[in-house]
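The structure appears right after this line, and notes come after that.
Each ligand, and each atom within it, is numbered from 1 in the order the structure gives. Reckoned from all heavy atoms, side chains included, excluding hydrogens, waters and symmetry mates.
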Amino acid sequence: MKRVLSFVLVFLLLSSLVLMITGCEVPSGKTSTSGKSSGTLIGVAMPTKSLQRWNQDGDNMKKLLEQAGYSVDLQYAADSVETQVSQLENMITKGAKVLVIASIDGESLTGVLAEAAKENIKVIAYDRLIRGTEHVDYYATFDNYKVGVIQAEYIIKTLELDKGAKGPFTMEVFGGSPDDNNAYFFYAGAMDTLQPYIDSGVLVIKSGQTEMEQIAIMGWKSEGAQARMDNLLTAYYSDENIDIVLSPNDSLAQGIVASLKAAGYGSADKPYPILTGQDCDITNVKQLIAGEQSMSVFKDTRTLAGKVVEMVDAIMNGTEPDINDTKTYDNGVKIVPSYLCEPVFADVNNYKELLIDSGYYTEDQLK
Ligand code: BGC
């Protein structure tokens, strides 16, 4: 009996040894997608340096990826699609294993991403969805629809529309860049929430311009928003003040404030209208403090960058990244598995806690 037992033991030992050796082997001729090694290259493509948030996004990501042991190729494309495509081609040539891309035009990367797929490179769409290609693996962003809802709810609460205030209040609506998928989500979140009050005549859009084709500002440019606001004020508000401007983000809100100032707003008989925004850019937090802009939406770029680094790590370790949305982001070819971070309401009353106490800005930066 003893002899049988020791035979079984030796057999078990030997077979587990064989398993250990063969189980770890990568079959010859194939490369492994997983397997993080120190210095693995990650490409990070950001749209532009001209907007504060993308500088923060890029810096945070580089810092966190390097802390996790990766090498990082971080590039900004000055809002030029051609530049972004050639930066991505370069990253592919240099042997990047994952590309993290905040696209400029969400529809223009099909060709370069097909090249990436041939090299077995994984792609994470950062903040903005990449459309029209199957070669995008994951999407990390904020809940973009909710950003619009937060802006609209602020207007409703401030004017007590939900408590029956009848106004009527005058309002104009701005849209983001038409080549950015996010712009449509911000718009839908805000307009779905405000529509009952527009339908009932409590909110009056004197220009009648409510469709994205009429209100979108190409490239999210402050100057574009300023020029459109100038036109609206001249054409529709020469004998009546405007009460509300729905702006989807902070760069547009900067242009809108410049236009309002030039038209004499900011005095007792011409108070600033309610003006929304998004990003909590430094200029805009200063506008909140000065009473020129009413609110913004804080999207902590540290949270998003941290999430993306987790995704990169999961990909490189051959495990599944954390996903919390598999329904919303249809890119025209597939529904891209997404992780949505939470956007947060910000105004003059909570900015200190949100932005200074959390170490996002120093007090001096906001002076
Ligand atoms: C981002 C916003 C930003 C805008 C302009 C959008 O895709 O989600 O946070 O304000 O681009 O850069």
Side-chain angles (χ1 to χ4, degrees), residues 45-61 76-81 84 100-109 124-131 136 139-151 174-190 212 215-226 246-257 275-285 287-288 293 295-305 307-308 328-329 331 336 338-346 355 360:
M46 290 284 123
T48 174
K49 269 189 168 286
S50 74
L51 240 86
Q52 187 201 320
R53 72 151 293 184
W54 302 113
N55 293 281
Q56 275 162 231
D57 286 279
D59 288 350
N60 283 334
M61 198 116 52
Y76 293 86
D79 267 336
S80 150
V81 175
Q84 187 163 63
V100 178
I101 308 168
S103 57
I104 295 159
D105 178 340
E107 310 249 3
S108 303
L109 300 177
I124 301 173
Y126 185 92
D127 195 72
R128 296 173 172 171
L129 185 64
I130 298 170
R131 296 184 46 82
V136 49
Y139 180 35
T141 188
F142 287 85
D143 185 335
N144 294 304
Y145 185 87
K146 194 166 174 188
V147 170
V149 172
I150 293 173
Q151 294 165 337
F174 281 70
S177 193
D179 53 2
D180 181 347
N181 192 59
N182 287 355
Y184 300 89
F185 278 78
F186 304 144
Y187 172 75
M212 264 304 257
I215 63 170
I217 303 294
M218 192 50 150
W220 297 96
K221 294 270 186 267
S222 303
E223 310 82 66
Q226 184 171 351
L246 174 73
S247 164
N249 91 327
D250 278 356
S251 61
L252 266 54
Q254 286 175 25
I256 293 164
V257 166
L275 172 62
T276 59
Q278 159 183 205
D279 290 334
C280 286
D281 278 357
I282 289 179
T283 309
N284 298 76
V285 182
Q287 290 187 168
L288 293 182
Q293 179 176 335
M295 58 83 73
S296 190
V297 177
F298 180 45
K299 303 196 300 186
D300 195 329
T301 51
R302 296 170 299 191
T303 312
L304 184 58
K307 205 67 217 174
V308 171
T328 312
Y329 288 99
N331 80 347
V336 185
S338 307
Y339 189 91
L340 312 187
C341 304
E342 277 292 296
V344 178
F345 169 81
L355 304 172
Y360 201 72

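Proximity to D180 (heavy-atom distance under 4.0 Å) selects the following atoms of ligand 1: 6 (C), 7 (O), 11 (O). Every atom of ligand 1 with a heavy atom of K299 under 4.0 Å away is listed here by number and element: 1 (C), 2 (C), 8 (O), 9 (O). Proximity to W220 (heavy-atom distance under 4.0 Å) selects the following atoms of ligand 1: 4 (C), 5 (C), 6 (C), 11 (O). Residue-ligand proximity, R128 to ligand 1, at heavy-atom distances under 4.0 Å covers atoms 4 (C), 5 (C), 6 (C), 7 (O), 11 (O), 12 (O). Numbered from 1 in the order shown, with element, the atoms of ligand 1 that lie under 4.0 Å from a heavy atom of N249 read 3 (C), 4 (C), 5 (C), 10 (O). Against a heavy-atom cut-off of under 4.0 Å, L51 is close to the following atoms of ligand 1: 5 (C), 12 (O). Less than 4.0 angstrom separates some heavy atom of W54 from each of these atoms of ligand 1: 11 (O), 12 (O).
Atoms CG and OH, on L340 and Y145 in that order, are 14.0 Å from each other to the nearest 0.5 Å. Expressed to the nearest 0.5 Å, how far CG of L288 lies from CE of M295 amounts to 9.0 Å. Rounding to the nearest 0.5 Å gives a distance of 8.0 Å between CD of Q151 and CZ of F186.
Scanning the protein heavy atoms around atom 10 (O) of ligand 1, the nearest turns out to be D279 OD2, 2.5 Å.
Inclusion of R53 in the set of residues having an N or O under 3.5 Å from an N or O of ligand 1 is warranted. Where the criterion is an N or O separation shorter than 3.5 Å, residue side chain and backbone included, S251 fails it with respect to ligand 1.
When each of N60, D57, D59 is tested with T301 by the rule side-chain hydrogen bond (donor to acceptor under 3.5 Å, both in side chains), just one qualifies, namely N60. Each of F185, Y187, W220 was scored for a side-chain contact (heavy atoms from CB on, under 4.5 Å) with P248, with one residue passing: W220.
Not a single heavy atom of F142 lies less than 4.0 angstrom from ligand 1.
Checked by atom type and distance alone, the side chain of N182 pairs as donor or acceptor with a backbone atom of D127 at under 3.5 Å.
At a heavy-atom distance under 4.0 Å, only side-chain atoms of D127, from C-beta outward, approach ligand 1. For F186, every heavy-atom contact with ligand 1 shorter than 4.0 Å involves the side chain, none the backbone.
Scanning all heavy atoms of the two residues, the minimum distance from N284 to Q254 falls at OD1-NE2, 2.7 Å.
Side-chain contact annotation: D281 with T283, donor-acceptor N/O pair under 3.5 Å absent.
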Determine whether D250 and R53 satisfy the following criterion, salt bridge (Lys or Arg N to Asp or Glu O under 4.0 Å), listing intermediate values before the conclusion.
CA-CA 10 Å; D250 278 356; R53 72 151 293 184; over 6 Å; no
